[in-house]
Amino acid sequence: MIPFDLAQFDEVGKGDHTASMIESSTREFLGKAGLEREGAALLLSRLYIRTDTADRFGPFLRWAQARFIKADVDVFTALGVLQVICDVVKSGSSRQIQQESTRLFALAETIDRCQNLSNNSAIRKYKTKLLSRVAIRSLPSLTLAFRKGHLLVGEGNPGRGFVQQDDFEVPEEVENVLEHLFNALQDKDTVVRWSAAKGVARISERLPLDFSDQILETIMSLFSIHSIAAASLYDLPAIAESTWHGACLACAEMTRRGLVSQARLSELIKWLAKALYFDLRKGAHSIGSNVRDAAAYVIWALARSQDSSILAPFSHDLAQRLVAIALYDREIHIRRAASAAFQEHVGRNNLFPCGIDVLGKTDFYAVSIRRNAFLVAAPQVAQHEEYRTFLLNHVLDVTLRHWDPTMRELGSQSLRFICLENLDVLGPIVIKKATRILDSIDVSDLHGGLLALSEIAIAYRETRDYGLREVHMREIFRCLGHIPFDVLIGPRNAIVTAAACRLISITVTLPELQSETTSIPQWRKIVDHGLKHRIPSVQEAGADAMASLKNSPPANQQNLGIILGAIDYSVYDNAFVDAVACILEIVGPSVPIKANIEVRRNCYKAIPRIISTICVDIPRLDLSTEVLASLFECLLNGLDDYSTDQRGDVGSWIRVACIQSLTTSIEVLMRNARTISAFQTYLPPSLIYSAVRGILKQGVERLDNVRQEAGECFLRLLYMPLPEVQNSTRWQLPGSSFLKQLFERDDSVGWNEASWLFPRAVRLLDIPEYRSSVLSGLVFGLGSKTESTSRPLAASLISYVKLLPITSEDQGYDLHTLVEELTARAQSNLTSNTIVLPVLQTFNILLEGDALNKIFDDLMGSRRS
């Protein structure tokens with residue numbers, strides 16, 4: 001606005017024409033929805049503040065009153081009018097405001113009576129702002145000492161200035177405004193509560209100390225409005241959120257202005273300690289984050305306004321609570337707010353224990369990522385004994401009972417890391433408290449308690465003291481009995497079922513696996529229910545629990561392979577990876593033989609059933625070639641299992657199972673080749689050749705039943721149709737035409753008939769691809785003590801060798817090659833009697849049968865040999 005009288009711009013005889021034109025043209029924009037309303041409000045407020053046009057403010061208020069009385073009043077116009085009035089009340093002269101105060105209060109009452117206006121949050125905000133500013137302008141201005149930030153903390157604070165407002169009669173209108181502001185602190189909209197909080201604080205700092213102290217008492221009484229009938233903080237009604245938030249904001253503004261006396265500080269901190277935990281579940285989400293944020297704001301303001309000596313008695317409790325919220329609150333802005341409050345106290349008062357060190361571990365960036373705050377920052381802070389116990393109790397009492405399952409999971413993991421600081425002391429404490437949580441009827445509590453016990457079990461499992469570990473595992477496992485069985489398998493308790501299965505998988509021990517000594521007889525039903533559950537995460541937990549059977553007694557272990565093979569992985573695809581990992585852990589190529597023979601046999605038998613189940617779903621399951629290759633490698637290695645015990649050659653059970661499993665697995669993949677993309681990577685021809693070589697080796701060895709099974713499986717592979725893929729002839733067996741001449745599909749005589757088999761079997765040595773494996777099998781067969789096997793084999797081999805030439809120019813088999821291969825086999829295994837002795841026995845048989853005479857008759861041959 002120009003700094004001189006607007007009347008100077010009026011034409012002669014037209015007084016106030018310029019001001020009237022400005023006012024009338026600007027009013028038209030007050031009803032606009034855009035920025036033009038903001039500009040119009042600013043212009044009009046500046047117009048009414050001028051001394052030469054201040055008398056226009058009264059008519060403007062009468063015009064506004066008339067507009068507000070109408071039933072169809074426009075909300076945007078009302079907003080523009082209130083913006084003008086609020087600016088004038090803020091910047092206008094005291095005399096102008098006091099003259100129009102009655103009309104201003106009447107205008108506020110008119111808004112209350114108009115439902116269209118009172119339902120609008122922006123209108124209510126401006127009305128609150130208007131009333132608080134009118135009340136402020138009716139009170140004495142602040143002294144210079146107040147403007148420089150001196151405190152009103154009273155006695156006991158000699159280090160800072162103390163200013164006493166002169167007692168005066170507080171106008172009744174101010175008391176009415178305060179009553180309205182107290183109600184506005186409970187408004188449903190944040191903007192209204194925020195405006196009311198600032199208004200209450202600004203009015204209070206202009207009042208006498210006793211009066212402002214009464215205002216603070218009234219504000220703190222808002223906390224108890226909904227707390228009287230509530231058993232705990234979490235039993236408060238949802239409407240309490242607005243009340244607590246408004247009370248916290250008002251306390252923060254009062255605190256920031258130094259209006260909290262030392263006598264009120266203890267009560268204030270008591271309520272703040274509760275507000276920091278204000279988190280009420282409402283449907284699928286929670287409310288209360290704004291309350292916790294405002295509570296952190298109050299504590300931050302305390303550091304800036306209170307003397308260190310006054311805060312000293314509360315510093316330890318505040319430090320622990322702020323650290324707990326900074327680390328374990330769900331919302332990122334709350335964690336940051338608590339961290340900022342902690343930083344403010346450390347920087348200004350230096351009262352918090354290990355403040356600098358802890359601050360470095362809970363700074364803005366450390367608490368920004370929830371996982372980092374829980375699993376990295378929290379264990380680091382727990383290294384300080386001043387915070388360890390409080391953090392532990394916070395996780396057990398708050399985090400593990402949180403409504404969000406992710407919070408409970410992260411909290412249980414954080415609990416384990418904290419306990420690792422002193423597991424011998426903290427472990428039993430956590431087990432005891434977590435067990436009490438299991439007595440709750442709340443599903444969230446049960447889930448949190450089970451997760452905590454599982455994580456503590458993991459911590460104990462990492463200890464080296466096996467005896468102590470066994471004791472704690474059984475103790476934790478018994479805790480499962482605190483939850484009723486019907487609750488564990490309830491249709492709506494999926495997370496509890498999953499947590500129970502996980503606890504079983506971690507803590508099950510040999511005594512618990514035996515029905516005579518188990519403390520929870522129904523644990524197998526829980527696992528079975530988890531495997532059948534429709535939710536994938538529960539199925540995975542059930543699969544983990546089932547995988548724990550690998551550590552069970554032999555009688556229970558034998559069921560493992562059968563169960564893993566029976567699961568329908570096309571439905572429970574998430575259990576496939578765990579099943580394969582479990583099998584590889586028992587019969588994998590690099591695993592030393594630990595499980596008994598029956599367990600391994602059943603696991604080998606489970607492999608083709610698994611492949612058959614997932615074969616048609618390979619694209620959907622995204623099955624890697626490495627997984628399938630590892631399963632085939634297990635089967636190929638099983639062909640070399642010659643384990644023995646008091647029952648004899650029990651390794652033959654494994655070899656028979658691997659022969660059957662290899663054949664079935666190859667057949668399944670070949671039949672479904674058309675539906676498997678990149679089929680050659682899942683079943684390369686070289687893999688089939690290796691399988692056939694291994695099966696033929698078993699087909700010429702000493703045991704009749706093994707030969708019979710190998711022969712039947714070999715014929716299935718020999719006469720198997722080629723896969724329906726490009727270049728399918730690559731999968732044809734080497735020498736297939738010759739093989740089909742030797743072994744017809746409908747041979748009535750079985751491979752267990754030695755006199756029929758071996759005259760044909762020795763001719764397999766003519767095929768280079770099978771020669772090494774077949775020769776190895778024949779040598780083992782010659783070492784048999786069963787004459788029904790060794791005699792036909794010896795006769796057939798002698799007859800075959802006699803027909804061999806000394807040397808072969810067309811790379812065929814000859815005597816020199818035979819002798820060199822047998823000699824090389826013995827030389828490379830000189831320390832193994834199971835190999836050297838059969839080779840020597842083979843030479844003995846050939847020499848006795850005069851099969852090697854050609855070599856000695858030939859001079860070159862004798863020199864070479």
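For the residue pair Asp766 and Tyr800, a side-chain donor N or O sits within less than 3.5 Å of a side-chain acceptor on the partner. Using modelled atom types, one finds a donor on one side chain and an acceptor on the other under 3.5 Å when comparing Glu712 with Gln708. Under the 3.5 Å distance criterion, with hydrogens and angles disregarded, a donor-acceptor pair is assigned to the side chains of Ser776 and Arg825. A donor-acceptor pair shorter than 3.5 Å cannot be found between the side chains of Tyr460 and Glu470. Side-chain contact of Arg693 with Ser690: a donor-acceptor pair under 3.5 Å is present, judged by distance alone. Between Glu744 and Tyr719, the side chains place no donor N or O within less than 3.5 Å of an acceptor N or O (distance only, hydrogens not considered).
Listed by chain and number, the residues in a salt bridge (Lys or Arg N to Asp or Glu O under 4.0 Å) with Glu455 are Arg416, Arg502 (sequence neighbours excluded).
Under the 4.0 Å criterion applied to side-chain N and carboxylate O atoms, Glu667 and Arg716 are assigned as salt-bridge partners. A salt bridge links Asp704 with Arg707: at least one charged nitrogen is closer than 4.0 Å to a carboxylate oxygen. Asp814 and Lys854 are not joined by a salt bridge, as no carboxylate oxygen comes within less than 4.0 angstrom of a charged side-chain nitrogen.
Between Phe679 and Trp731, the ring planes lie tilted relative to each other; the angle falls in the 30° to 60° range. Between Phe714 and Phe743, the two ring planes are perpendicular [angle over 60°; tilted spans 30° to 60°].
At distances below 3.5 Å, at least one donor-acceptor pair connects side-chain atoms of Gln539 with backbone N or O atoms of His533. Ser612 contributes no side-chain N or O that, together with a main-chain N or O of Pro608, makes up a donor-acceptor pair within less than 3.5 Å. Proximity of a side-chain donor or acceptor of Ser832 to a complementary backbone N or O of Asn829 within less than 3.5 Å is not detected. With hydrogens and angles disregarded, a donor-acceptor distance shorter than 3.5 Å links the side chain of Thr664 to the backbone of Gln660. Of the possible donor and acceptor atoms, one in the side chain of Lys802 sits under 3.5 Å from a partner among the backbone N and O of Gly849.
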* To do: List the steps, then state whether side chain to side chain donor-acceptor pair (under 3.5 Å) holds for Tyr813 with Glu821.
  => CA-CA 11 Å; Tyr813 207 32; Glu821 288 182 353; 3.1 Å; yes
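Environment of CZ in Arg647: crowded, with over 12 heavy atoms of neighbouring residues, nucleotides or ligands closer than 6.0 Å.
When Val725, Leu683, Leu717 are each tested for a side chain to side chain contact (heavy atoms under 4.5 Å, CB included) with Met670, only one passes: Leu683. Of the residues listed (Ile845, Asp850, Leu793), the one engaging Ile798 in a side chain to side chain contact (heavy atoms under 4.5 Å, CB included) is Ile845, and it is the only one.
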